[in-house]
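Report on the following structure.
Each ligand, and each atom within it, is numbered from 1 in the order the structure gives. One is the number of the first residue; the rest follow in order along the sequence. Note that these values count all heavy atoms, side chains included, but never hydrogens, waters or copies made by symmetry.
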Amino acid sequence: MEKNNLPELHIAASSEEVLRQMAEFFRDAALRAVAAQDRFSVALSGGNSPRKLFELLASAAYRDQLPWEKGAFFFGDERNVPHDDPESNYGMAKAALLDPLGIKPEQVFAVNTALPPEQAAEQYTQDIEQFFAPYTARFDLVLLGLGDNSHTASLFPHTPVLHTTEANVQAVFVEEKQAYRITFTAPLINQARAVAFLVYGGDKALAVKRVLTEDRQIEEYPAQLIAPTSGNVHWFMDQAAAAELGQLGATTAD
Ligand SMILES: O=C(O)[C@H](O)[C@@H](O)[C@H](O)[C@H](O)COP(=O)(O)O
C-alpha cells in the first residue's frame, strides 16, 4: 500500500454508497490479515455513524464474505458507562454487529467500565498488549468517526491526551461532556495497518474541511493527529460531508 502521508478520500454520492464502500474496505482489510496471520483485529468506532455499517456487515450482503470467527473486536474508545447503557459503544456494536454474527465472547475485548476510568484504561492497555504479545500492538483496522468539533475516538479539543507519545489507552475527562471517556491515543491508532474514517451527513462538512484543509492545529482539530506510520489514512464520506472541500471533494470513483 503506497505511503505518501496524503489522506485517501473515498467520496460517494450517497450515504448508502459510502457504507457499501466502507464495508468492502473492512472486508478487504480483514481478508488481507487472515491471509497473512490467520486472524484479524479491528478497533470499532462508536457513536451513531457506524451503526448502519455494522448492520450492513452483519446482513446477508456481507456476512458470508469474511471469516468472522477469525476476528478480534476491540473499541477505539468507550464512554464511562455500563455495557447495557444506551451510550455504550460496546452495547451498540453488540446489538448491531456482534450478536447478529454470533461472535463468541472470547473474540470481543470490551473496556471494563465497572472499574474507575484510570484503572479501566490501564487494564485495557494490558488486554491489548497481551493480545498482540510479543509484538507491537498493531491493529489490522481502526475505524474512526468524526465529531462536528473535529474530535475522533475520544481525542477531544484541548485535552492533555492529544500530546501523549504513549501508544496506549488513556482515561480523559471531557469538559463538554462532563464525563470521562476511555480512548486509544493517536500513537496507538497510528500503529495500525489501516485506518479509516467513516463520516457522512452535512453536519460534519465543516469539521471535515477543517481537519483536511486547515493548517495543523491539533488542539482545535484533534483528528489531524491521525497519520498511520504505514499506509495512508482513508476517509469514507458522502458528498454532503465533503461539501466544503471544494475541488478536493469531487466524488471519487471507487
Ligand atoms: O464514542 C464516540 O462518540 C466516538 O467514538 C466518537 O469519536 C464518534 O465517532 C464521533 O463523536 C462521531 O459520532 P457520531 O457518529 O454519533 O456523529
Side-chain angles (χ1 to χ4, degrees), residues 15-16 18-19 22-23 26 42-57 73-98 109-113 117 120-121 124 128 139 141-159 161-162 169-186 188-190 192 195-212 218 220-226 233-238 240-244:
S15 58
E16 290 73 22
V18 80
L19 288 167
M22 181 75 254
F26 183 111
V42 56
L44 302 174
S45 57
N48 300 312
S49 299
R51 183 192 301 273
K52 288 180 184 171
L53 171 66
F54 296 165
E55 290 166 351
L56 179 60
L57 286 167
F73 301 86
F74 294 78
F75 298 84
D77 72 319
E78 184 57 279
R79 290 82 180 276
N80 185 36
V81 296
H83 288 162
D84 59 0
D85 186 294
E87 284 293 298
S88 169
N89 288 338
Y90 164 81
M92 186 274 280
K94 185 175 190 302
L97 180 72
L98 305 173
F109 298 81
V111 177
N112 181 356
T113 53
Y124 208 43
I128 290 169
F139 286 87
L141 175 61
V142 174
L143 289 179
L144 295 171
L146 183 71
D148 57 13
N149 64 352
S150 302
H151 83 262
T152 191
S154 285
L155 303 171
F156 280 80
H158 309 296
T159 55
V161 70
L162 302 183
V169 179
Q170 297 188 18
V172 54
F173 184 77
V174 182
E175 289 294 335
E176 66 186 74
K177 304 279 185 185
Q178 281 301 297
Y180 271 97
R181 290 283 188 93
I182 291 96
T183 187
F184 280 22
T185 63
L188 178 56
I189 293 169
N190 287 336
V195 179
F197 282 90
L198 173 62
V199 189
Y200 52 84
D203 61 328
K204 301 293 175 73
L206 189 53
V208 166
K209 174 183 179 290
R210 286 169 171 164
V211 171
L212 288 176
I218 60 155
E220 298 297 333
Y221 315 135
Q224 290 181 332
L225 285 165
I226 307 307
V233 59
H234 294 258
W235 286 74
F236 289 85
M237 297 181 273
D238 63 358
E244 301 291 331

query = How far apart are the closest heavy atoms of Thr152 and Gly145, and which atoms are they?
reply = OG1-O, 2.7 Å
Without placing hydrogens or testing angles, list every side-chain donor-acceptor pair under 3.5 Å for residues 44-51, not counting sequence neighbours.
none

Residue contacts for ligand 1, heavy atom to ligand atom, distance under 4.0 Å = Gly46, Gly47, Asn48, Ser49, Asp77, Arg79, Asn89, Gly145, Leu146, Gly147, His151, Thr152, Ala153, Arg181, Lys204
request  = Could you tell me the separation between the OG1 atom of Thr113 and the CD atom of Glu87, rounded to the nearest 0.5 Å?
outcome  = 12.5 Å
key: Aromatic ring proximity, centroids under 6.0 angstrom, Phe139 and Phe184   = yes
request  = May I ask you to decide if Tyr221's main-chain N or O and Ser150's side chain share a donor-acceptor pair within less than 3.5 Å?
outcome  = no
query = Can you tell me how far CG of Asn190 sits from OG1 of Thr185, rounded to the nearest 0.5 angstrom?
reply = 8.5 Å
